[in-house]
Amino acid sequence: MPRFLLPPHAPTVLATATGDLVAVRRVYCVGRNYGAHAREMGGDPAREPPFFFSKPADAVTTAARIPFPPATADLHHEVELVAVVGRGGVDIPAAHALEHVFGYTVGIDLTRRDLQELARKAGRPWDMAKGFDHSAPCGVVRPATEIGHPAAGAIALEVNGEGRQSGDLGAMIWPVADVIAQLSALVALEAGDLIFTGTPAGVGPVRRGDRLLARIEGVGRLEVVVG
Ligand code: MN
């Protein structure tokens with residue numbers, strides 16, 4: 001029996017309200033899925049096919065306080081609805097896509113915006129702008145059997161009690177079912193995959209010591225202090 005010369009890492013886990021755990025496999029994110037945010041990023045909110053990027057699974061954190069990340073002078077918050085895949089598949093039709101969702105949580109796609117801008121200008125990958133340590137704070141997972149599949153409702157983020165982001169899930173250019181259909185045409189999805197579904201307008205800077213409060217109607221809330 002071969003042995004591990006280096007010990008395998010324990011999976012990153014999210015918890016439900018009852019304390020049951022979900023092991024995270026992969027983390028995919030949709031870029032520009034709300035028109036107003038696409039415009040604030042200098043894009044065209046036309047309904048082009050969504051584009052995806054990813055973060056390492058261990059970028060996900062449920063800690064109440066995370067360190068301020070290195071190598072940035074322009075850390076940004078992006079509140080997002082996160083779908084938790086419960087049943088894998090490839091080429092999943094949109095009409096059946098929600099059957100593959102176990103549940104949902106509130107996530108924040110933390111972004112080193114300065115590094116992202118440099119990467120965009122140079123045509124380079126976004127990994128170091130998006131996939132750094134602690135870059136994916138997530139809340140409690142709410143099973144779809146409990147809350148259904150939220151298609152509308154307020155999605156908002158406050159910094160130190162001041163409103164910054166405010167939108168509605170109904171304003172997604174590509175709703176969750178379409179996102180799953182498109183993503184599963186690119187990669188095989190498996191149980192435990194997380195899909196960050198994009199952020200509404202109002203992204204902005206996070207400074208050391210800031211308290212972020214993210215809320216999604218019907219899903220829950222997530223509070224995290226940075227630094
Ligand atoms: Mn995002």
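Source: prediction; values computed, not measured. Indexing begins at 1, ligand by ligand and atom by atom, following the structure's order.
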| Tally of protein N/O/S atoms under 2.8 Å from the Mn ion (ligand 1)? |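 Near the Mn ion (ligand 1), the number of protein N, O or S atoms below 2.8 Å is 3.
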| said: I need the Ser166 OG to Ile155 CD1 distance, nearest 0.5 Å. | reply: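 Atom-to-atom, Ser166:OG and Ile155:CD1 are 9.5 Å apart.
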Below 4.5 Å, heavy atoms only, C-beta onward: do [X] and [Y] meet side chain to side chain?
X      : Y      : answer
Glu190 : Arg87  : no
Tyr28  : Val187 : yes
Gln165 : Glu80  : no
Leu186 : Phe52  : yes

| task | Locate the shortest heavy-atom distance separating Tyr34 from Gly198; write the atom from each residue and the value. | result |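 Closest pair (atom of Tyr34, atom of Gly198, distance): CE1-O, 3.3 Å.
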